[in-house]
Amino acid sequence: MKILMISNHLGVQSGVQRYVQNLLLNLDLTRYQVDLFVGLCPPDQASCAPALEAAGVHIIAVPDNKKARIRALYQHLKTHKDYDIIHYHTASKIGAPVCGMMRVLCPHAKIIVHSHIVYPPMTLTWRAAHLVYQLFADYFLGCGVAAGRFVFGDHIDRRPNFSVACNAVDQTRFYPNAAARTAIRAQYGITGTERLAGFVGRLNHQKNPLYLIRVFVAMVQQDPRWKLLLVGGGEQEQPMRELAAQLGVADRVLFAGVQNNVPDYMNAFDLFLLPSNFEGSPVTLVEAQGCGVPCLASTNVPGDGSVTELVHFLPLSAPFEEWAKTADSIAPGGPHADYWPTLAAAGYELKTAAHRMEQVYDKVAGEGAR
């Protein structure tokens, strides 16, 4: 079966791309021939291309901006019409007319559209996009029900051609690891009495990093043993540094930059913070639970990925003092417990999720879904 998978770019900081990489590395590539159409890796990130190419995925890399990707996709599909399935990872309104373009250029391919975002407020243009997606696509996936409803329509989850594709993670990498915890904490000078909050992801508007600094300030005011370790980079790193200095916590905020050994960092945390402005179903939330780390997220993060008792939510309108008190109460510190039996039962184990995707491919290609 020949599949064209369309994603955003090759950078490993993208939660969508980490999901795509995880999926492709666990599909049976002796049965599925996959072309990955994707933007080039941003210069400040490591690329997932080497691992994917080693596994047998053919990568079609194009300039990493929306207009250039759409033009390149149009040119590609004009001359490559033999795909059985087009699997389109989308998080935008512009994806709807692109879906129509794919239908015209590849009328025999089955189109699977896959939502990765909830980005309120709902607008009339989003409502129009719902209709266009439903007109041209064959099958609908969401990283959670909320993401499916937001991008494809309020009642999409009632249709037989919709299913949830969990943002599953690799149990062999993300698990409680006491040795990794000790090593990372020693590397950054975290003493035995100090408490470590952490974040993994892009330092951009979506993740609300300046709010994160203010939450951390309230945490330090309540318990001066807290430190904050940030894994990732982005355009708001410098404003974060400036705000931390302005509020007197610069010496307690550690910027680790982009790291390849994310599971080690997750294990070092006593608390994972995710006060996002919007999300789909973040991979990092599942990764943190896999490592047994208590999580405190904003209510703008859909609850789909809240699989264990580790995850707690607060609205962004809540006082910073409430965030600090909640952080203090849910993060006792010390060794992390293993929550994988719960995560695996909910379908968040990577090989299970990949097998379920294979079942979707076989169903859609074999029977059609429209």
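- Ion pairing between E194 and K227 holds under the 4.0 Å rule for side-chain N and carboxylate O.
- Contact annotation: the side chain of V164 never approaches that of L141 to less than 4.5 Å [non-hydrogen atoms, C-beta and beyond].
- Note that CG of L212 and CZ of R214 are 11.5 Å apart. Values are rounded to the nearest 0.5 Å.
- Side chain of N167 to backbone of S281: a donor-acceptor contact under 3.5 angstrom is found.
- Between the side chain of H9 and the backbone N or O of V62 there is no donor-acceptor pair closer than 3.5 Å.
- The distance from atom CG of L4 to atom CD1 of I60, rounded to the nearest 0.5 Å, is 6.0 Å.
- Although no hydrogens or angles enter the test, the distance criterion places a donor-acceptor pair under 3.5 Å between the side chain of Q289 and the main chain of G305.
- By the 4.5 Å heavy-atom criterion applied to side chains, Q236 and K207 are not counted as neighbours.
- Under the side chain to side chain contact (heavy atoms under 4.5 Å, CB included) criterion, V286 pairs with V169, L343, Y348, not counting sequence neighbours.
- No donor-acceptor pair under 3.5 Å is formed between the side chain of K93 and the backbone N or O of T125.
- For the salt bridge (Lys or Arg N to Asp or Glu O under 4.0 Å) test, residues two or more places apart in sequence or in another chain that qualify with R18 are E287.
- A donor and an acceptor atom, one from each side chain of Y265 and Y188, are located under 3.5 Å apart.
- For the pair R181 (side chain) and P335 (backbone), a donor-acceptor distance under 3.5 Å is absent.
- The pair R103-D138 meets the salt-bridge criterion, since a charged nitrogen lies less than 4.0 angstrom from a carboxylate oxygen.
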>> Working note: Q206 + E279, criterion side chain to side chain donor-acceptor pair (under 3.5 Å); need CA distance, chi angles, decisive distance, verdict.
In response: CA-CA 7 Å; Q206 176 185 351; E279 290 283 357; 3.2 Å; yes

Table please: side-chain donor-acceptor pairs of residues 111-119 below 3.5 Å, with sequence neighbours left out.
from: H114; atom 1: ND1; to: H87; atom 2: NE2; distance (Å): 2.9
from: S115; atom 1: OG; to: A147; atom 2: O; distance (Å): 2.7
from: H116; atom 1: NE2; to: H89; atom 2: ND1; distance (Å): 2.9

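- V57 is not listed as a side-chain neighbour of M5, based on a closest heavy-atom distance of 4.5 Å or more.
- Ionic pairing of K351 and D170 is not present here: no N-O contact between side-chain nitrogen and carboxylate oxygen is shorter than 4.0 angstrom.
- The shortest side-chain heavy-atom distance between H312 and C295 does not fall under the 4.5 Å cut-off.
- The main-chain N or O of P263 is found under 3.5 Å from a side-chain atom of N267 such that the two form a donor-acceptor pair.
- Looking at W340, its side chain does come within 3.5 Å of a backbone N or O of F174 through a donor-acceptor pair.
- Follow the hydrophobic side-chain contacts under 4.5 Å out from V360 and you never reach M102; the two are in separate clusters.
- D35 and H58 share a side-chain donor-acceptor pair at under 3.5 Å.
- In this structure the side chain of L316 reaches within 4.5 angstrom of the side chain of N277, judged on heavy atoms.
- Residues Q33 and I3 are not in side-chain contact: their nearest non-hydrogen atoms beyond the backbone lie 4.5 Å or more apart.
- A salt bridge links E237 with R241: at least one charged nitrogen is closer than 4.0 Å to a carboxylate oxygen.
- For the atom pair CG of L229 and CD1 of I190, the computed distance is 7.0 Å after rounding to the nearest 0.5 Å.
- For F320, the ring-ring contact (aromatic ring centres under 6.0 Å, His included) partners are Y211, not counting sequence neighbours.
- Using a 30° and 60° split on the angle between ring planes, F278 and H205 fall in the tilted class, from 30° to 60°.
- For the residue pair Y32/D362, the side-chain donor-acceptor check at 3.5 Å is satisfied.
- Between F272 and F269, the ring planes are parallel. Angles under 30° get that label, and only those over 60° would be called perpendicular.
- E235 places none of its side-chain heavy atoms less than 4.5 Å from the side chain of L203.
- The salt bridge (Lys or Arg N to Asp or Glu O under 4.0 Å) test applied to D264 returns no partner, not counting sequence neighbours.
- Put simply, the side chain of H80 gets close to the backbone of H76: a donor and an acceptor are under 3.5 Å apart.
- Judged by the 6.0 Å distance and 45° axis criteria, R69 is not positioned over the aromatic ring of F37.
- Using modelled atom types, one finds no donor on one side chain facing an acceptor on the other under 3.5 Å when comparing S298 with N300.
- For residues 36-57, every residue pair satisfying the side-chain hydrogen bond (donor to acceptor under 3.5 Å, both in side chains) rule, not counting sequence neighbours, is listed here: D44-R202.
- A heavy-atom distance below 4.5 Å is not found between the side chains of E321 and Q222.
- Side-chain atoms of S7 and Y19 include no donor-acceptor pair closer than 3.5 Å.
- Under the 4.0 Å criterion applied to side-chain N and carboxylate O atoms, R195 and D223 are assigned as salt-bridge partners.
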